[in-house]
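One structure is given here, and the rest of the page talks about it.
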Amino acid sequence: MVSNLEEYLEEAEAEYEAEYEEELYIAGKPELKPSRNTGTCILLSVSYSGEAGRALLKLYDLEKRVMHFWYDDTGHRPYCLTDMSVEELKRSKVVSHPGFLGFERVKKFDVLRGREIEMTKIIASDPLAIGGKKGAIRDLLPRAWEADIKYHNCYIFDRQLVPGMLYKVEDGKLVRVDVELSGEEAQEVLKIFEGQEAAKELLKDWLPLFLAPVPDIRRAAIDIEVYSPDPDKLPNPREALYPIIAFALVDSDGRRLVFLLRRDSVETGQSDELSDNIEVRFFYDEYKMLEEIFKLLNEYPVVLTFNGDNFDLNYMLHRALKLGFSRDKIPISMTVGEHPAALLTAAVHVDLYKFFHNRSIQGYAFGSKYRDVTLDAIAEALLSIRKIQLMAPVSQLSYAQLAAYCLRDAEITMQFTKFDDNLVMKLIILFMRISKMSMEDVTRQGISNWIRNMLYFEHRKRNYLIPRKDEIIAVKGQAVTEAKIKGKKYMGAIVLKPPAGVYFDVAVLDFTSLYPSIVKTRNLSYEVINCDHPECRSNVIPSTPHWVCTKRQGLTSILIGMLRDIRALWFKPMSKKVKDQVKKSLYEVVEKSLKVILNASYGVMGSSNFSLYCPPVAESTTAIGRYIITKTIEKAESLGLRVLYGDTDSIFIHNPDESKIGELMKWAEEELKVDLDYDKRYRFVAFSGLKKNYVGVLVNGEVDIKGLVGKKRNTPPFLKEAFLNFVGILSKVDTPEDFEKSKVLLRDLAKKVYDKLRERRYSLDELAFTVMLSKHPSEYAVASQHVKAAKLLMAYKKNVDAGSIIRYVKVKGEPGVKPVQLARIDEVDVDKYVEHMRTTFEQVLTALGLDFDEILGVRSITSFFNR
DNA sequence: ACCTGTGGCGAAACAC
DNA sequence: GTGTTTCGCCAC
């Protein structure tokens, strides 16, 4: 129990008096020394030290639970490649560049053209001399291969290190600690790949990444609160005008600590608002408090924040500068750019806001459980806890309230990495191993960079010349199919139009990881598509002019194929089977992380930002996907199965005949080389007749709602709730007879909502549309409603920018909308809301063969005209 | 510095 | 008035 805040105050006072005359502000600079005698470490990060050719590795020592630093001084230097000759280069400006060190002739395999070539390596003293913004060596060359200048991540010049893996220091060298491939488990996995020699070879490198244990890393989560004179405005970190009034730290060992800045006329508050075992310390001097904070930041190998890049660490850095700290006494530095990252000198900073913002993480690792990327929303979705809800602005809280509030945020941040047996930390480590990226990078960058780094690593391992983007396009060409949607680059998947109505007993079959399977079995890879062997030209991709090489398997095909197989054939089934809890948990994490990578592996090929962008590969993938689903539907129908619906890789079958389904699966496996699996079975499905739009009740009573407006985030809460009740009634339906009974209930419900709406008994909050601004209001081509509302809000000098969520209601008169904050209940345009109610309910009613107006027994003027 | 893809629906604004 | 475009959100 925090015995008494008053006591802590007195303590601080005594301390303050004692130190008053003393020399203040002792240096807080972290000591970074290369360590030679460490135990088993996990490699967390690689960065450049600034000295010529020296890279700094951050290693966390598992036994001593400390962080070590390792200077990589193997003599390797950063370089880039060119096909120019040494003589040519000697006459160029390159030799007079201050960072230039020398030339070396090297042989590389030109993977695009399938032959070995000789190139010149230009060696430099500093990666920035090659790839830096201005006047870099690369810019002096007409043709430079830039990929090999990367110094960050795992690849230090010529050495291949894998972040997230365990290393030992022996005789001044880093030696990887690996799981033995001769072990029983590894042997069993390798057996699965019997006959697939390329994949088996690859697996020898990859299997240790999946089987190596994931250590628990000591870490701290921090949060700060800043005084603000205007409660609506978050203080600007670059200006750092106001004092940091609270700091909280929660570490992985359970330590909980709060620093509070002593201010005039602040109430102490009730100590019992704080829970047990908390260290509280008051400071009279903000400078002193920052010094203590900086000391703490140097004590942990990993520091977690939520939005620390933008706010917490950024603010601390600028506040410290403002208070007179010299740069070398602040263990924080910001990278340059529009979205800067805050890096710590002696630790790895993980900004969980960035990690949770990653769409792949959101969708595939957490199944879209959270939608808004805010501390509160994610905490509620993943941990079932909330922030402390404040009644007053932070600046007006008592010490006890402030401490509790700040501490809760730090606690939530720590819990994000601890729940489900450290799931998030484990995922991060796995992603580091797969992408070969440092912890800082992997948590900040998107999936396309992960896949790029993964593939680059494999290229370097094989001494392949990594092609430039423009070379790939020049050799392999652009997309040729036409997209259904204007503005898209190529044709995508097939979606069937379902018949409107209710269908009992529906089986859903789907192809397991369809696109990765296609990439594997059809040998899709940028370097082997449209190859120059005349004899391969007949190996065409259906409905495209592209063909695929028959002589050589492409790198991405092997790699993606191997990852697909090992997930589908080992980690997924085994994660359900294994009894050992530690192993099970690792398997689940591996399975999840592979899913994330596999799901994105096709998309990046069609992304012009991706460095191995290859439109022919992307459109061939979808073309084969269309071919496969079309053929399967034809086969199903020829077997007498009734196909109701299908989307991309799924097929809905009415009144399925088990033996025929078995036959269909066998056929797909043999003829199309894809796994067709039983996904789920619906007691009934109600189709509205629209694509991507239906409700289904599974045999276990669970309800699936797909695409219906009642479910969408921008739908006002009163409709969402009504819709949920609506679906709740439906889910109780067991037989066709039950429908008749439920219709009465549905009618009552609709009527109730309608009356409540007409009588204006819903609150503004319940009526609010919630829409995100995808860009700044000034950048829109069209002034849609949420933009209009945002502009009104801006007039009241609220913080409004890209990413802000705007809540507005529809009102009578111009401009038709108002932000909830500024609206009154009597201005609401009820007719507009009735129309929304109509579309929401009609999607379900159509399926049931019911009519909205009939159910209500009323006809508004607008609905009359719509008939 | 940041960035996986296409297909589809509904609402409203814009263009004619 | 009508047809087209823009935007947000969702399915896969």
Side-chain angles (χ1 to χ4, degrees), chain A residues 133 309 335-341 354 357-361 363-364 368 371 441 444-452 479 481-498 508 510-511 513-515 596-613 615 617-619 621-623 625-626 629 645-650 679 688-694 704-715 769-775 779-788 802 805-806 810 815-817 832 835-836 838-840 842-843:
Chain A
K133 285 251 187 268
D309 281 346
T335 62
V336 286
E338 206 184 326
H339 300 284
K354 292 242 168 87
H357 205 83
N358 186 319
R359 242 182 69 200
S360 300
I361 297 299
Y364 295 116
S368 299
R371 265 200 292 219
D441 284 351
R444 284 177 179 77
Q445 297 185 20
I447 193 89
S448 70
N449 286 332
W450 300 3
I451 293 175
R452 178 196 68 188
T481 55
E482 203 169 314
K484 287 261 180 314
I485 302 172
K486 223 179 122 189
K488 300 288 184 187
K489 288 168 291 195
Y490 58 89
M491 195 184 286
I494 286 178
V495 187
L496 301 187
K497 191 171 159 50
V508 182
D510 72 350
F511 299 106
S513 36
L514 178 64
Y515 288 170
V596 171
I597 299 287
L598 288 170
N599 275 317
S601 65
Y602 139 74
V604 296
M605 298 297 167
S607 167
S608 59
N609 300 312
F610 183 58
S611 53
L612 299 173
Y613 174 48
V617 167
E619 70 176 340
T621 311
T622 58
R626 294 194 297 275
I629 195 170
Y645 178 60
D647 184 348
T648 314
D649 62 353
S650 65
D679 183 20
S688 62
L690 298 169
K691 296 174 177 182
K692 297 179 186 288
N693 210 280
Y694 60 87
D704 260 357
I705 306 168
K706 302 288 184 183
L708 304 184
V709 293
K711 182 191 170 182
K712 294 196 176 185
R713 150 157 102 175
N714 52 358
T715 302
F769 291 84
T770 312
V771 180
M772 190 174 63
L773 282 175
S774 63
K775 40 194 168 187
E779 291 169 47
Y780 279 87
V782 171
S784 25
Q785 301 202 312
H786 68 299
V787 177
K788 286 178 186 168
I805 289 179
I806 307 296
K810 303 199 174 189
V817 290
K832 281 263 166 46
E835 284 313 300
H836 277 276
R838 170 193 300 282
T839 35
T840 306
E842 242 168 20
Q843 288 187 336

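Naming: A, B, ... by sequence-line order, numbering from 1 per chain. Note that these values count all heavy atoms, side chains included, but never hydrogens, waters or copies made by symmetry.
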Query raised in the report: side chain to side chain donor-acceptor pair (under 3.5 Å) with A:Thr481: which residues, sequence neighbours excluded?
Result: A:Glu619

**Report entry** Any A:Lys691 side-chain N or O less than 4.0 Å from OP1/OP2 of C:dC12
**Finding:** no

Query raised in the report: Of all the choices, B:dG7, C:dA11, B:dA11, which nucleotide is nearest to the side chain of A:Asp647 once you look at every atom?
Result: C:dA11

Query raised in the report: To the nearest angstrom, how far is A:Glu482 atom CD from B:dT6 atom C1'?
Result: 14 Å

**Report entry** Residues which pass side chain to side chain contact (heavy atoms under 4.5 Å, CB included) with A:Arg371, listed by chain and number, not counting sequence neighbours
**Finding:** A:Arg713, A:Lys720

**Report entry** Nearest heavy-atom neighbours spanning A:Val596 and A:Ser360
**Finding:** CG1-CB, 3.7 Å

Requested in this report: Sequence neighbours left out, what passes side chain to side chain contact (heavy atoms under 4.5 Å, CB included) with A:Lys711? Give chain and number order.
Outcome: A:Ile705

Could you list the protein-to-nucleotides 5-9 of chain C atom pairs, N/O on both sides, closer than 3.5 Å?
residue : atom : partner  : partner atom : Å
C:dT5   : OP1  : A:Lys486 : NZ           : 3.1
C:dC7   : OP1  : A:Ala781 : N            : 3.3
C:dG8   : OP1  : A:Ser774 : N            : 3.4
C:dG8   : OP1  : A:Ser774 : OG           : 3.2
C:dG8   : OP1  : A:Tyr780 : OH           : 2.4
C:dG8   : OP1  : A:His786 : NE2          : 2.9
C:dG8   : OP2  : A:Ser774 : OG           : 2.6
C:dC9   : OP1  : A:Arg713 : NE           : 3.3
C:dC9   : OP1  : A:Arg713 : NH2          : 3.4
C:dC9   : OP1  : A:Met772 : N            : 3.1

Report task. State which residues pass side chain to side chain donor-acceptor pair (under 3.5 Å) with A:Asn714; sequence neighbours excluded, sorted by chain then number. Result -> none

Query raised in the report: Is any side-chain nitrogen or oxygen of A:Thr839 closer than 4.0 Å to OP1 or OP2 of B:dA11?
Result: yes

Report task. In whole angstrom, give me the gap between the P atoms of B:dC3 and C:dC12. Result -> 26 Å

Query - Nearest to side-chain heavy atoms of A:Lys488, which nucleotide of B:dA13, B:dT6, B:dT4 - result: B:dT6

Query - Closest to the A:Gln843 side chain, choosing from B:dC9, B:dT6, B:dG5 - result: B:dC9

Requested in this report: Considering just the side-chain nitrogens and oxygens of A:Ser607, establish if one lies under 4.0 Å of OP1 or OP2 belonging to B:dT4.
Outcome: no

Query raised in the report: For A:Ile597, which contact category applies under a 4.0 Å heavy-atom criterion: base, sugar-phosphate, or nothing?
Result: nothing

Requested in this report: Choose from B:dT4, B:dT6, B:dG8 the nucleotide whose nearest atom is closest to any side-chain atom of A:Arg359.
Outcome: B:dT4

Query raised in the report: Under 4.0 Å between a side-chain N or O of A:Lys832 and OP1 or OP2 of B:dA11?
Result: no

Query raised in the report: When the distance from CD1 of A:Ile629 to P of B:dT6 is rounded to whole Å, what number comes out?
Result: 18 Å

Report summary line: For A:Tyr613, the side chain to side chain donor-acceptor pair (under 3.5 Å) test, sequence neighbours excluded, returns none

Query raised in the report: NA contact type, A:Leu690, heavy-atom cut-off 4.0 Å: base, sugar-phosphate, or nothing?
Result: sugar-phosphate

Query raised in the report: Can you tell me how far P of B:dG7 sits from CE of A:Met491, to the nearest Å?
Result: 7 Å

Requested in this report: Among B:dG5, B:dC3, B:dG7, find the nucleotide with the atom closest to the side chain of A:Asn449.
Outcome: B:dC3

Query raised in the report: Counting side-chain heavy atoms from C-beta on, which of C:dC12, B:dT4, B:dG5 comes nearest to A:Val604?
Result: B:dT4

Report task. Could you tell me whether A:Asp647 and A:Lys691 have a side-chain N and a carboxylate O separated by less than 4.0 Å? Result -> no

Query raised in the report: What is the nucleic acid contact for A:Tyr490, judged by heavy atoms within less than 4.0 Å: base, sugar-phosphate only, or nothing?
Result: sugar-phosphate

Report task. Would you mind classifying the nucleic acid contact of A:Lys788 as base, sugar-phosphate or nothing, using non-hydrogen atoms under 4.0 angstrom? Result -> sugar-phosphate

Query raised in the report: From A:Ile494 CD1 over to A:Lys484 NZ, what is the distance, rounded to the nearest 0.5 angstrom?
Result: 7.5 Å

Query raised in the report: Pick the nucleotide of DNA chain B nearest each of A:Asn599 and A:Ala483; which residue has the one closer to the 5' end?
Result: A:Asn599

Query raised in the report: C:dC10 phosphate, OP1 or OP2: any side-chain N/O from A:Asn693 under 4.0 angstrom?
Result: no

